[in-house]
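Because the structure is a prediction, the values reported are computed rather than measured.
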Amino acid sequence: MVYSVITALLFLAMIATGGFLIFRNYWMEKKHRGGRKIHVGISASLIAVGTLLIAIIPGSFHTVEAGSVAVVKQMGVICDVEGPGTYFDFWLVRKYEKYDAKVQQVEINMDAYTLDAQSMDISMVVQFQIRQDNVEEIALNYGGLEALTNRIQSVAVERTKATLSQYQAEKLIEQRNSISSTVESEISTAIGDKYYVTFNSAVLTDITFSDAFEAAVEAKMMAQQEKLQAQYENEKKKEQAETALYVAEQEARALVAKAEAEAEAQVAVAQAEARAIMLKSVEVARMLGYTVNSETQTGDEGTVITVYTIVFDETHTGSDIADYMKYVEYLSKWDGKLPEVVAGDNGFMITVPKG
C-alpha cells in the first residue's frame with residue numbers, strides 16, 4: 001500500500017513538472033517571438049515526457065473484480081495479496097496476477113473399464129473453490145489457476161477410474177446413483193487439504209457403454225420381462241382355475257344342499273301323510289269299537305306329540321279297519337258314477353269305476 005502511494009505521488013510530480021514546463025515554454029515563446037528556435041529542444045522534451053506519461057499512467061491502474069483475488073509481484077517476487085478494488089502501481093515494476101475465487105466447474109470426459117472388462121465413456125462435473133488465504137501457495141506451487149485445475153482434474157479422473165473398475169457393468173447400470181456418491185467421496189478424500197481448495201461436489205452425468213453391450217443388456221431385460229409376463233400369466237391362469245374350482249364346489253354344494261332339502265321335504269311330507277293315515281286309522285278303530293290308548297311324549301326337538309295304541313283281541317283283529325280304510329280311500333277317489341251291471345247267462349257282471 002505504501003508503495004502504491006509513493007508511486008502515485010511520483011506520477012503526480014511528473015505530471016506537475018510536465019505541466020509547468022509546457023506553461024513556461026508557452027510563456028517564453030510568447031515573450032520572445034524571435035527566439036523560437038532556442039526552445040525547440042525544450043518542446044521536443046515536453047512532447048516526449050507527455051507521451052511517456054500517456055503510455056505509463058493507464059497501464060498502472062489495476063482493477064480486481066468482485067469474486068477475485070490478486071497476487072502482487074514486484075520484480076517477480078510475491079509481495080502482497082489484494083482483494084477486490086482498484087490499485088495504482090507502476091506496471092513495469094509491479095504485476096497483478098488475478099485468481100478467480102468463485103466456484104470452479106470442470107467438465108470431464110474420460111474412458112474407463114469395468115471389472116468385467118467392459119469399456120465405457122464417462123462424463124462428470126467437478127466443482128471446487130480456491131481458498132483465498134492460500135492463494136500465495138497456489139501461485140508458488142502451481143503458478144496459476146489453470147495448472148491447479150488440471151491437477152484437480154487428474155485426481156478426479158484417477159479416482160473415478162479406480163472406483164468404477166471395482167464394479168461389473170450391470171451393477172453400474174443398476175446402482176448408478178449410489179456409485180456416483182461413492183465416486184464423489186473418493187475424490188473428496190483424495191483432494192483433502194493438499195491442493196489449497198475446497199471440494200464441493202463430483203457428479204457422474206453420463207455412463208455410456210458400447211453398442212454391443214447395450215444391445216445385450218436390452219435383450220436380457222426383454223427376456224426377463226417376458227419371463228415375468230409368463231409367470232404373471234401362469235399365476236393368473238392358476239387363480240382363474242382356483243376360482244372356477246371354487247365356483248364349481250359351491251355350485252355342487254348348493255345342488256347337494258338342494259337335494260338334501262328336497263329329500264327332507266319329501267320325508268316330512270311322507271311323515272305327515274303317514275301320521276294322517278295313522279290318525280284316520282285311530283278314528284276308524286274307535287268308530288268300530290276298538291280300544292285306543294293315547295300317551296303324550298316329548299320329541300327330539302322338544303315338541304310334544306301324542307302316541308296312539310290300538311288294542312287288538314280275538315274279536316277285534318284289525319282286518320275290518322283295513323277294509324274300512326280301503327273303502328274310505330275308494331270314496332275319496334270315486335267320481336260319483338254308479339257301477340255298471342250287465343246280465344248274462346252266467347250271472348251278473350259288475351264293473352266298478354276306478355278312481
Side-chain angles (χ1 to χ4, degrees), residues 1-26 39-108 125-156 190-201:
M1 189 65 176
V2 175
Y3 179 83
S4 298
V5 173
I6 295 173
T7 303
L9 292 175
L10 289 175
F11 275 110
L12 289 174
M14 291 177 64
I15 293 171
T17 302
F20 172 74
L21 292 174
I22 292 172
F23 175 77
R24 182 177 177 279
N25 181 58
Y26 174 77
H39 302 290
V40 171
I42 297 175
S43 298
S45 299
L46 291 174
I47 293 173
V49 170
T51 303
L52 181 61
L53 290 174
I54 293 173
I56 291 176
I57 292 176
S60 297
F61 285 97
H62 306 276
T63 301
V64 181
E65 301 292 342
S68 300
V69 63
V71 174
V72 183
K73 292 183 178 180
Q74 182 173 328
M75 304 300 291
V77 179
I78 296 176
C79 61
D80 201 359
V81 176
E82 299 290 358
T86 300
Y87 305 92
F88 185 81
D89 278 322
F90 187 31
W91 61 273
L92 290 176
V93 179
R94 290 165 71 92
K95 184 179 179 181
Y96 281 62
E97 294 181 355
K98 300 173 185 178
Y99 290 79
D100 189 352
K102 297 187 293 295
V103 175
Q104 304 298 306
Q105 179 167 303
V106 183
E107 296 182 358
I108 303 174
V125 176
V126 175
Q127 291 184 340
F128 68 92
Q129 191 172 13
I130 65 171
R131 298 173 184 169
Q132 298 187 32
D133 295 340
N134 300 113
V135 69
E136 290 188 34
E137 288 82 356
I138 295 174
L140 288 171
N141 289 280
Y142 297 98
L145 184 57
E146 183 178 356
L148 176 61
T149 300
N150 291 336
R151 180 56 184 159
I152 298 296
Q153 180 172 336
S154 299
V155 173
I191 292 176
D193 296 327
K194 301 176 184 178
Y195 304 103
Y196 315 108
V197 299
T198 300
F199 175 77
N200 291 344
S201 66

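- A distance of 13.0 Å separates SG of Cys79 from NZ of Lys95, quoted to the nearest 0.5 Å.
- Here NZ of Lys98 is found 14.0 Å from CG of Leu145. Values are rounded to the nearest 0.5 Å.
- Side-chain N/O atoms of Arg151 and Tyr142 include no donor and acceptor closer than 3.5 Å.
- Atom CD of residue Glu146 and atom CD of residue Gln104 lie 11.5 Å apart, to the nearest 0.5 angstrom.
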Step-by-step side chain to side chain contact (heavy atoms under 4.5 Å, CB included) determination, Asp193 to Arg131
CA-CA 10 Å; Asp193 296 327; Arg131 298 173 184 169; 2.9 Å; yes
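- Atoms CD1 and CD1, on Ile130 and Ile138 in that order, are 4.5 Å from each other to the nearest 0.5 Å.
- Among all heavy-atom pairs drawn from Ala101 and Gln129, the shortest one is O-NE2, 2.8 Å.
- Evaluated for a side-chain contact (heavy atoms from CB on, under 4.5 Å) with Phe128, the options Thr198, Ile191, Val106 yield exactly one hit, Val106.
- Heavy-atom minimum distance, Leu148 versus Val197: CD2-CG1, 3.6 Å.
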Given side chain to side chain contact (heavy atoms under 4.5 Å, CB included), test Tyr195 with Val155 step by step and report yes or no.
CA-CA 11 Å; Tyr195 304 103; Val155 173; 3.7 Å; yes
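- Between Lys102 and Asp100, at least one side-chain nitrogen of the basic residue sits less than 4.0 Å from a carboxylate oxygen of the acidic one, meeting the salt-bridge criterion.
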Chi angles and distances behind the side chain to side chain contact (heavy atoms under 4.5 Å, CB included) call for Thr63, Tyr96:
CA-CA 9 Å; Thr63 301; Tyr96 281 62; over 6 Å; no
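- The OG atom of Ser68 sits 13.5 Å away from the CD atom of Glu82 when rounded to the nearest 0.5 Å.
- Every residue two or more places apart in sequence or in another chain that forms a side-chain contact (heavy atoms from CB on, under 4.5 Å) with Glu107 is listed here: Gln105, Val125.
- Residues Pro84 and Gly67 share a closest heavy-atom pair of CG-N, 4.4 Å.
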